[in-house]
Amino acid sequence: NAGVMQNPRHLVRRRGQEARLRCSPMKGHSHVYWYRQLPEEGLKFMVYLQKENIIDESGMPKERFSAEFPKEGPSILRIQQVVRGDSAAYFCASSPRGSEQPQHFGDGTRLSIL
Amino acid sequence: EDQVTQSPEALRLQEGESSSLNCSYTVSGLRGLFWYRQDPGKGPEFLFTLYSAGEEKEKERLKATLTKKESFLHITAPKPEDSATYLCAGTGANSKLTFGKGITLSVRP
């Protein structure tokens with residue numbers, strides 16, 4: 001299955017540590033999106049990237065959060081100095097082009113902060 | 001601000017009992033309306049894209065329809081394996097999806 005691959009599936013961090021979440025898009029997809037899902041809430045957009053470029057980061061907190069999609073390798077969502085409120089499921093999606101193309105999702109990384 | 005609202009929050013059906021899930025949207029310059037299915041512990045699985053009012057798409061027991069303000073997911077003669085959370089999302093020119101909170105469907109045998 002050449003779907004969107006996310007790792008790790010589960011990640012436990014203590015407050016103040018760093019969390020790195022990885023996403024490999026579907027083959028042939030150059031557009032990557034990150035979403036966050038909190039309990040009892042819908043999926044919320046965080047950031048949209050193409051290879052080596054951030055297209056839209058309007059949903060991402062300005063402090064402690066960063067994202068990249070390098071020329072080679074997976075997309076990385078990085079959370080520095082994690083706090084309890086960062087506990088959530090983080091989903092990555094990819095599409096061959098932007099706009100109206102369907103986005104295909106991975107199975108997410110469940111981040112727990114102790 | 002773009003907004004997507006789904007109702008009801010939860011729906012319990014008897015196997016074979018057809019029903020509809022509602023999605024109301026306010027998305028500036030709508031480019032596509034999407035339906036996904038999400039099972040516990042999994043990511044959303046793409047079902048349908050609708051692009052213009054009046055459009056309909058079908059897949060097995062599911063049919064999605066679109067008007068200028070709403071979309072409906074009709075489930076005909078559901079089976080227990082149709083139990084899941086169904087998500088509706090819209091996108092405009094900015095490519096990001098705005099999701100509703102989802103409708104949790106339970107189908108009893």
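Order of the sequence lines fixes the chain letters, A, B, ..., with proteins taken first and strands second; residue numbering starts at 1 for each chain.
Expressed to the nearest 0.5 Å, how far CG of B:Leu47 lies from SG of B:Cys88 amounts to 11.0 Å. If you take CZ on A:Arg13 and CG on A:Asp86, they are separated by 12.5 Å, rounding to the nearest 0.5 Å. Going from atom NZ of B:Lys57 over to atom CH2 of B:Trp35 covers 14.0 Å, rounded to the nearest 0.5 Å.
Heavy-atom pairs under 4.5 Å with chain A peak, among B:Gly32, B:Gly102, B:Gly41, B:Pro44, at B:Pro44.
Residues of residues 49-69 of chain A lying under 4.5 angstrom from chain B, judged on non-hydrogen atoms, are A:Asp56, A:Ser58 by number. Of residues 11-28 of chain B, not one residue has a non-hydrogen atom less than 4.5 Å from any non-hydrogen atom of chain A.
In this structure, B:Phe99 has its ring center under 6.0 Å from that of A:Tyr35. Between B:Tyr36 and A:Phe105, the ring centre distance stays below 6.0 Å.
For B:Thr91 (side chain) and B:Arg31 (main-chain N/O), no donor-acceptor pair under 3.5 Å exists by modelled atom type. With A:Gln80 contributing its side chain and A:Ala19 its backbone, the two residues share no donor-acceptor pair below 3.5 Å. Under a 3.5 Å cut-off, the side chain of A:Gln6 and the backbone N or O of A:Tyr90 do form a donor-acceptor pair.
Taking all atoms of both residues into account, the shortest heavy-atom contact from B:Gly90 to B:Leu30 is CA-CD1, 4.2 Å.
Neither the backbone nor the side chain of B:Glu9 has a heavy atom closer than 4.5 Å to any heavy atom of chain A. Contacts between B:Tyr51 and chain A at a heavy-atom distance below 4.5 Å involve the side chain alone, from C-beta outward. Only the side chain of A:Gln37 comes within contact range of chain B, with at least one heavy atom under 4.5 Å from a heavy atom of that chain.
When the options B:Thr49, B:Leu50, B:Leu33 are evaluated for a side-chain contact (heavy atoms from CB on, under 4.5 Å) with B:Glu55, the one that passes is B:Leu50.
For the pair B:Lys101 and A:Glu41, the salt-bridge criterion is not met [side-chain N within less than 4.0 Å of a carboxylate O].
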